[in-house]
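The residues of the chain are indexed from 1 along the displayed sequence.
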Amino acid sequence: MQAIQIHGGTPLNGIIPISGSKNAALPLMTLCLLTNERFVLRNVPDLADINTMKSLLEQHGASIKTLEDKNSYELKVENLISSEAPYDLVRKMRASVLVLGPLLAKYGKAKVSLPGGCAIGTRPIDFHLKALETLGAEINLKSGYVEAKVPKHQGRLRGGHIVFPSITVGGTENAMMAASIAKGNTIIENAAREPEILDLANCLNLMGAKISGAGSSVIRIEGVEGLSGVNYSVLPDRIETGTYAIAAAITRGNLKLINTDPNLLEAVITALRISGVDIEVSDRSIDISTSRKIKGVDIQTEPYPGFPTDMQAQWMALMATADGAAMLTETIFENRFMHVPELVRFGANINVHGKSAIIRGSRDLSGAPVMATDLRASVSLVLLGLATHGTTIINRVYHLDRGYEGLEKKLESCGASIERISIK
Ligand code: UD1
């Protein structure tokens, strides 16, 4: 099995280029199911989750070519081979459920495995299904699968008024993609406002969709007959950006993050500034430096534009090294403190009370053998490993390969001692 070994305690210094956003690229890739024309996507990060999505789309009938660089793909679906998303692929990656809306809208049927439980909570897809029912789909749950179809007499999905009971990123994406080629108009209320939703809407509009309001909580969609191909570049990864900003802060170093957009992570930048980190932003880059003490700062995770749940574990790692205490409250997922027992192995002082954790910062931490539990949790172990003296060995690193392109290379180029090793 592979593990990551870190000899920590060195401040990071250098430049890190930010990759395309995983969470934007995944739904964008499924758009190839909405057109028969050539669909080119650029700035796609080279990650395990992207490969899973490629396998899923290929078994639906997509031909996928890698273009001149490893981050650009041409996707084309001439004939649909299968409208089924099998359990084996969906269980690997929950975002596989994003094929449901496009398949249903374009081909009138879809059979998608239920994602099941996952490490950070039960994560049902009931809001996705309700939204698609509002657009006229007939949905049955059978033998662990969602079987969805458009009734014959109806021909296509029809526009409808969707009100999400609470904010769901994937649900908003599935509904928006399905409604783009439905008959008539759709309104989505209480829509997610994440930048990835806006990126998806921008791409759909270039393909001929008529979507307005994406990025706000009310999205209006005028259904069109069909969509054309497109050549589109994925937006920068705001979670990767935030993670490396914390890497600079936690090692008390200086990093310049390029090919990114500071506007995508205002909540994280604000929290870092309050904690004492110096941050300068320009159009496409962020400079992070540390000349002062880092103070404990309370945060609460919230849907965008609030502090992202995908940055919670990284913030906890930083707070474990701060002066003073911080309270961190997780409001999106019910079981997202799996990293706490692992961070405690470094000597971190963390107590969990329900949805909140109290972290009492300390400089008396040291490297330790630990185990990755989910994607963002595992990167918090890397961060604390980089910050603390001694050797850290992180097991189950496949979680990291799902979400961080070239992690070791990027960190190594800034002075980190980090390598992948094989262990029995
Ligand atoms: C997306 C992101 C993930 C991020 C999350 C929240 C992708 C590929 N993944 O996940 O990295 O952590 O947004 O920002 O973009 N819920 C229901 N019923 C549903 C759908 C969601 O109860 O039908 C609940 C979930 O269990 C969770 C909350 O709503 O508690 C938010 O989930 P959602 O926004 O849907 O997350 P994802 O789209 O799965």
Side-chain angles (χ1 to χ4, degrees), residues 4-18 239-258 260 265 268-269 271-281 285-297 299 311-324 326 328 339 342-350 359-370 372 376-394 397 400 404 406-420:
I4 283 184
Q5 179 171 283
I6 300 171
H7 299 295
T10 313
L12 296 184
N13 278 294
I15 299 176
I16 295 185
I18 298 301
I239 304 301
E240 192 197 17
T241 309
T243 301
Y244 289 126
I246 290 188
I250 202 169
T251 62
R252 310 301 190 259
N254 302 289
L255 288 178
K256 184 182 194 72
L257 309 178
I258 58 170
T260 189
L265 65 158
V268 175
I269 290 178
L272 280 167
R273 281 187 172 139
I274 297 172
S275 76
V277 179
D278 298 312
I279 299 190
E280 273 182 45
V281 298
S285 67
I286 306 179
D287 286 277
I288 302 113
S289 56
T290 43
S291 55
R292 290 170 284 156
K293 278 187 175 171
I294 293 195
K295 291 185 300 193
V297 175
I299 58 109
M311 286 297 303
Q312 181 254 100
Q314 299 90 313
W315 190 257
M316 189 181 280
L318 177 63
M319 291 298 101
T321 70
D323 275 273
L328 196 154
H339 42 285
E342 301 302 313
L343 294 175
V344 166
R345 294 178 60 80
F346 290 86
N349 182 343
I350 306 171
I359 304 119
R360 293 184 176 86
S362 154
R363 292 306 279 170
D364 191 20
L365 306 174
S366 55
V370 288
R376 306 305 170 184
S378 35
V379 88
S380 72
L381 307 178
V382 172
L383 291 171
L384 207 48
L386 292 170
T388 51
H389 288 283
T391 303
T392 291
I393 294 180
I394 303 165
V397 292
L400 282 169
Y404 289 92
L407 176 90
E408 295 106 288
K409 219 169 95 207
K410 290 184 184 185
L411 289 170
E412 227 175 3
S413 75
C414 298
S417 166
I418 177 169
E419 62 176 330
R420 206 167 276 234

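Taking CG of Asn13 as the reference point, atom CG of Asn254 lies at 5.0 Å (rounded to 0.5 Å). Once rounded to the nearest 0.5 Å, the distance linking OG1 of Thr241 with CG of Leu255 reads 12.0 Å. Annotation: the span from His389 atom NE2 to Asp364 atom CG amounts to 11.0 Å, rounded to 0.5 Å. Rounded to the nearest 0.5 angstrom, Asn349 CG and Met319 CE are separated by 14.0 Å. Here the CD1 atom belonging to Ile250 is positioned 5.0 Å from the CG atom belonging to Leu384, to the nearest 0.5 angstrom. The distance from atom OG of Ser417 to atom CG of Leu411, rounded to the nearest 0.5 Å, is 11.0 Å.
The minimum heavy-atom distance linking Glu408 with Arg420 is given by the pair OE2-NE, 2.7 Å. Taking both residues in full, the closest heavy atoms of Pro11 and Gly9 are given as CD-O, 3.7 Å, listed atom of the first, atom of the second, then distance. Taking each heavy atom of Ser380 and Ala317 in turn, the nearest pair found is O-CB, 3.7 Å. Closest of all the heavy-atom pairs between Leu386 and Ala416 is CD2-CB, 3.6 Å. Nearest heavy atom pair, residue Gln5 against residue Ile393, reads OE1-CD1, 3.8 Å. Contact between Ser285 and Lys256 at its shortest, heavy atoms only, is OG-NZ, 4.1 Å.
No donor-acceptor pair closer than 3.5 Å links the side chain of Ser275 to the backbone N or O of Val297. Looking at Thr290, its side chain does come within 3.5 Å of a backbone N or O of Gly253 through a donor-acceptor pair. Between the Arg376 side chain and the Gln314 main chain, no donor and acceptor come within less than 3.5 Å of each other.
Between Thr251 and Thr10 the shortest side-chain heavy-atom distance does not fall below 4.5 Å. Put simply, the side chain of Tyr404 reaches to within 4.5 Å of the side chain of Ile239, judged on heavy atoms. Within the 4.5 Å cutoff, side-chain heavy atoms of Val382 are placed close to those of Ile6. Put simply, the side chain of Leu343 does not reach to within 4.5 Å of the side chain of Ile359, judged on heavy atoms. The shortest distance between side-chain heavy atoms of Val370 and Phe346 falls below 4.5 Å. Counting heavy atoms from C-beta outward, Glu419 and Ile4 have side chains that stay 4.5 Å or more apart.
Applying the salt bridge (Lys or Arg N to Asp or Glu O under 4.0 Å) rule to pairs touching residues 239-249 yields Glu240-Lys410, sequence neighbours excluded.
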### Task
Take Ile286 and Leu265, measure what side-chain contact (heavy atoms from CB on, under 4.5 Å) needs, and give me the verdict at the end.
CA-CA 11 Å; Ile286 306 179; Leu265 65 158; 4.1 Å; yes

Item to check | Evaluation steps, side-chain contact (heavy atoms from CB on, under 4.5 Å), between Val277 and Ile288 | outcome: CA-CA 7 Å; Val277 179; Ile288 302 113; 3.5 Å; yes

Exercise for review: Show the numbers, then the answer: is there a side-chain contact (heavy atoms from CB on, under 4.5 Å) between Leu318 and Leu272?
Suggested key: CA-CA 10 Å; Leu318 177 63; Leu272 280 167; 3.8 Å; yes

Could you go step by step and tell me if His339 and Gln312 meet the side-chain contact (heavy atoms from CB on, under 4.5 Å) rule?
CA-CA 10 Å; His339 42 285; Gln312 181 254 100; 2.9 Å; yes

